[in-house]
Amino acid sequence: MPLTALDIYKVLPKTNCGECGVPTCLAFAMQLATKKAAIDACPYATDDAKATLAGAAAPPIRLVSIGPEAQCIVMGNETVLFRHEETFYHPTAIAVRIRTDRSPEELRAEFERVLAMVYDRVGQFVRVEMVALEDADGDPGRFAAAAALADEMGLALMLMSDAPAVLEAALAGISAHRPLLYAATADTWEAMARLAKASACPLVVRGSDLGELADLTRRIAAIGVTDLVLDSGARGLQATLADLTQIRRLALRRQFRPLGYPAMAFVTARDPIDQVTEGTAYLCKYAGLVVADGLQDWQALAMVTARQNIYTDPQKPIQIEPGVRAVGSPDASSPVLVTTNFSLTYFTVEADVEASRSPAWVLIVDTEGQSVLTAWAADKFTAETIAKALAESDLAQRVEHRRMVIPGGVATISGKLEELSGWEILVGPRESAGMTAFMRNRWRQPEAAATS
Ligand code: SF4
């Protein structure tokens with residue numbers, strides 16, 4: 001819970017000296033409570049008072065980062081239970097679990113397969129981020145070699161072993177890239193915590209239930225290891241989802257610090273479709289990391305697509321850069337189309353233009369990510385904004401004609417746009433699915449169309 005002014009007042013010196021810039025300690029406490037002042041403004045604040053305030057200001061779910069700086073994976077620091085309340089900030093990382101009982105060649109092939117799980121969706125590249133490397137036989141040398149290979153290939157890692165000595169061997173060469181260590185349990189927590197502290201790597205804590213988990217995180221945090229990820233020990237969809245939800249509720253609603261860390265989940269289903277369903281359920285509620293065995297390409301695509309949808313801020317539509325894009329290989333006689341910079345609109349238009357087999361230039365107007373009719377209603381996709389975008393583009397140099405196609409939904413602006421731009425304006429189909437027929441019947445035969 002955030003501290004009230006009265007809570008803060010209790011830890012201030014109560015001398016009312018005024019050196020903080022306000023006449024009384026209570027007035028200063030009110031400023032602190034509303035974040036209009038910082039505790040440093042009081043020269044007499046004790047270390048205890050500072051610690052109390054710092055603790056209250058800490059996020060309810062700690063931010064934990066994993067992996068090399070260049071491709072750092074960040075999880076935690078979420079603030080809401082439901083996406084519509086605000087947004088979810090840090091997309092769930094997805095890891096493919098790979099055991100080390102394979103030859104180096106087989107391991108390399110598996111790592112390459114994971115690295116290739118990158119997909120271009122509505123202008124964004126989404127991917128599977130991690131490998132969860134599992135110690136298969138307790139052999140430190142074999143595990144260290146596999147970890148070194150994955151690290152060398154640029155993969156972010158979760159290192160899984162019950163034996164601290166095996167993890168220590170793997171960490172020797174790669175700890176600077178902050179792999180996630182799995183896992184501290186009731187039996188191993190002291191050795192694992194020491195290892196995490198010495199290597200400055202994040203650590204998974206696994207309990208047999210939420211009570212044991214909270215007890216372990218308290219002990220581990222007390223010795224200075226605070227970059228923790230929670231594994232409640234539950235397996236299977238129902239039990240795991242229940243624990244993930246409980247952890248999130250306790251962290252946010254009760255500010256329960258021992259469970260105020262990102263949580264993770266393992267996909268345990270055997271059927272490939274069930275695996276995707278289970279993994280996607282954990283993406284929704286509330287895993288910071290999902291680990292799945294032998295993920296296939298189509299499964300990865302389904303999961304990263306679901307994740308992209310869930311972690312897109314509903315208040316900020318996905319946008320693409322305004323400007324001019326070529327679809328196909330257009331030339332000086334190719335059509336010029338205009339649309340908005342809402343990603344879903346643009347990529348729908350692009351796909352329909354490609355399907356029409358008529359290469360085209362597309363002028364993308366900055367509508368702050370709004371779709372055609374929404375932007376038109378909000379005065380962001382008007383004759384004026386389109387004429388301005390056209391004038392600022394180099395389309396006049398790219399094409400030899402002066403004809404542009406606008407979406408059918410905004411036919412009413414055609415006259416004014418013609419006036420402002422000096423270009424002939426053709427009214428296109430209301431839906432871009434009609435582009436093939438439009439290109440065939442109207443763009444290629446403008447004179448015939450004019451008389452029809
Ligand atoms: S400087 Fe500190 S002790 Fe003095 S009035 Fe402000 S809060 Fe109180």
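The first residue in the sequence is number 1, and the count goes up from there. Counting convention: from 1, in listed order, for ligands and their atoms alike.
A donor and an acceptor atom, one from each side chain of D227 and Y261, are nowhere located under 3.5 Å apart. With no hydrogens or angles considered, a side-chain donor-acceptor pair links S371 and T374 at under 3.5 Å. In the model, E19 has a side-chain atom that pairs as donor or acceptor with a side-chain atom of Y44 under 3.5 Å.
Residues forming a ring-ring contact (aromatic ring centres under 6.0 Å, His included) with F143 (at least two apart in sequence, or on another chain): none.
Around atom 8 (Fe) of ligand 1, the protein N, O or S atoms closer than 2.8 Å are C25 SG, listed by chain and residue number.
Inter-residue side-chain proximity for I386 and M404 is flagged as met; some heavy-atom pair is nearer than 4.5 Å.
Annotation: cation-pi geometry not satisfied between R248 and F82 (NZ/CZ under 6.0 angstrom from ring centroid, within 45° of ring axis).
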